[in-house]
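Contents: one structure, followed by commentary.
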Amino acid sequence: MSPAFGAMEVEHYSKGVLLEPFVHQVGGHSCVLRFNDKTICKPLIQREHQFYETLPTEMRKFTPQYEGVVSVSFEEDEDGNLCLIAYPLNGDHDNLENLDNSDCEPKSKLLRWTNKKTMLLENEKISKEWVRQHRKEEKMKSHKLEEEFEWLKKSEVLYYTVEKKGNVSSQFKHHNPWSMKCHQQQLQRMKENAKHRNQYKFILLENLTSRYKVPCVLDLKMGTRQHGDDASEEKKANQIRKCQQSTSAVIGVRVCGMQVYQAGTGQLMFMNKYHGRKLSVQGFKEALYQFFHNGKYLRRELFESVIKKLTELKSVLEKQESYRFYSSSLLIIYDGKERQEVAVDSDPEDLEDLSEESSDESAGAYAYKPTASTVDVRMIDFAHTTCKYYGEDSVVHEGQDTGYVFGLQNLIDIIKEIRDESGE
């Protein structure tokens, strides 16, 4: 077992772990998968791997915790159902029988999934005839895969009504279109390459949404430049065009993806990067307002924490010599579960279980204030990050990443505007 993998907090599993779609991915084109409740994984890109292994100490609080590397194999059963299984990096699967894997989905459970949304359990008693018919239908549907991706591109903002019965967070897996899109594409790519390659390295990272019951996630593409130093002329021109045609060139930041639970309407709202690219500066501001609005009221209690963390991050990045975070994103995450409200002059212990309904009933007798809410701000996606310490890079930059810092300052200013314009 590799030292990095052995250092994981939830490191132990036996005979492989089934990787499932990570349902809170709202942006990016690289597939993110769920390893367990507190850990996700994504294909290893050498430059990003190097960034996490050489990360400056002062930046660690603003990035996901790096938890090691695993080997991922692509498997297809006789019925054509596909799955991805993670193993220790050295491939020694048989000597892990006695290790704790309580927080992982073991391979023995093997929840198989096809290119489509239908899922099958190995231990389900399904007739062979039904399986053959099902597989035939799936093959027919697979030809429409690209058409569905085009439909997803056109459906840039989607609303789904949440079922009143059941857990809200569990319904993300049935509705998040971007997560589904990335997952299907990853499976398709690996299936096409299966004859030539069946082992891939994935990095393990902290699942930033694990602490939230109903994660609301905003993915922002940061900086005025997105192409890396190693980009081809075609890629460079394409990225420059995207920046010029979006808010990236004007304010150094654009929306790359968003998911919000609107308690007021009982809906999940998803916005993808194609819509984000079309937004004007005013449209970007309105999208931020929408992100912090739950359908009933603006989550004003989040503003000070967000502004404080963004300001602290800006201060840290201003001191980073030579780093360029091209094409990286910034995540803002908070819990969409409706906040509790407590009486200003009451003992918090006495009102610990106070519901919103009960507070409404007694509103005439007390003044109420929102309880503190947790909000997270993290940098992600470092596939095109460069720094003079990397050694092999042909281009060496000096000073701070002014494009990224410029975007952070504008983001802070816009959030302050929303806060001030919507004051009590």
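Hydrogens, waters and symmetry mates play no part in the numbers below; they use all other heavy atoms, side chains included.
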Checking side chain to side chain contact (heavy atoms under 4.5 Å, CB included) for the pair V255/T247: CA distance, chi angles, key distance, verdict? CA-CA 9 Å; V255 173; T247 55; over 6 Å; no
Check the pair Q226, K221 against side chain to side chain contact (heavy atoms under 4.5 Å, CB included), reporting the backbone distance first and the verdict last. CA-CA 8 Å; Q226 300 303 321; K221 187 71 73 174; 3.1 Å; yes
Going through the distances and angles, do F51 and Y390 end up as a ring-ring contact (aromatic ring centres under 6.0 Å, His included)? CA-CA 9 Å; F51 171 80; Y390 289 181; 7.6 Å; no
Step by step, would you call R299 with E301 a salt bridge (Lys or Arg N to Asp or Glu O under 4.0 Å)? CA-CA 6 Å; R299 296 289 299 272; E301 80 277 11; 2.5 Å; yes
Starting from the C-alpha separation in whole Å, work towards a yes-or-no answer on side chain to side chain contact (heavy atoms under 4.5 Å, CB included) for E286 and Q290. CA-CA 6 Å; E286 291 170 358; Q290 191 172 22; over 6 Å; no
Might you work through the side chain to side chain contact (heavy atoms under 4.5 Å, CB included) test for F35 and I40, ending with a clear yes or no? CA-CA 5 Å; F35 181 83; I40 59 158; over 6 Å; no
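Atom NZ of K236 has 12 or fewer neighbouring heavy atoms from other residues, nucleotides or ligands inside a 6.0 Å radius. Surrounding CD of E234 are at most 12 heavy atoms belonging to other residues, nucleotides or ligands under 6.0 Å away. Residue-environment remark: NZ (K235) stays at or below the threshold of 12 foreign heavy atoms within 6.0 Å.
One side chain, S329 or D219, offers a donor N or O that lies under 3.5 Å from an acceptor on the other.
Under 4.0 Å is where a charged nitrogen must lie from a carboxylate oxygen, and between R211 and D376 at least one such pair does. For E398 and R324, the salt-bridge test fails: no basic side-chain N is under 4.0 Å from an acidic carboxylate O.
With T39 as the partner, the side-chain hydrogen bond (donor to acceptor under 3.5 Å, both in side chains) test is satisfied by one option alone out of E206, R34, E67: E67. Shown are Q320, Q400, M222; of these, the side-chain contact (heavy atoms from CB on, under 4.5 Å) with V405 is made only by Q400.
Heavy-atom minimum distance, S328 versus Y404: OG-CE1, 3.3 Å. In this structure, S422 and L298 approach most closely via the heavy-atom pair OG-CD2, 3.0 Å. A pairwise comparison of heavy atoms in N294 and K296 identifies OD1-N, 2.8 Å as the closest pair. Shortest non-hydrogen contact noted between S73 and Y87 is OG-CE1, 3.4 Å. Contact between V214 and K337 at its shortest, heavy atoms only, is CB-N, 3.9 Å. Across every non-hydrogen atom of P64 and L205, the tightest pair is CB-CB, 4.3 Å.
In this structure, R254 fails the cation-pi test against F284, since its NZ or CZ atom is not both closer than 6.0 Å to the six-membered ring centre and inside 45 degrees of the ring normal.
With contacts defined as side-chain heavy-atom distances shorter than 4.5 Å, the pair I332/F291 qualifies. Looking at heavy atoms from C-beta onward, T386 lies out of side-chain contact with Y323 at the 4.5 angstrom threshold. Taking the side chain as every heavy atom from C-beta outward, R60 and Y52 never approach each other to under 4.5 Å. Annotation: side chain of L317 is not in contact with side chain of D401 (no heavy-atom distance under 4.5 Å). Two residues are said to be in side-chain contact when any heavy atoms from C-beta on lie closer than 4.5 Å; K42 and D381 meet this criterion. Using a 4.5 Å cut-off on side-chain heavy atoms (C-beta onward), Y326 and Q239 make no contact. Here the side chains of L310 and L330 are in contact, with some heavy-atom distance below 4.5 Å. Counting heavy atoms from C-beta on, the side chains of V72 and Q199 never come closer than 4.5 Å.
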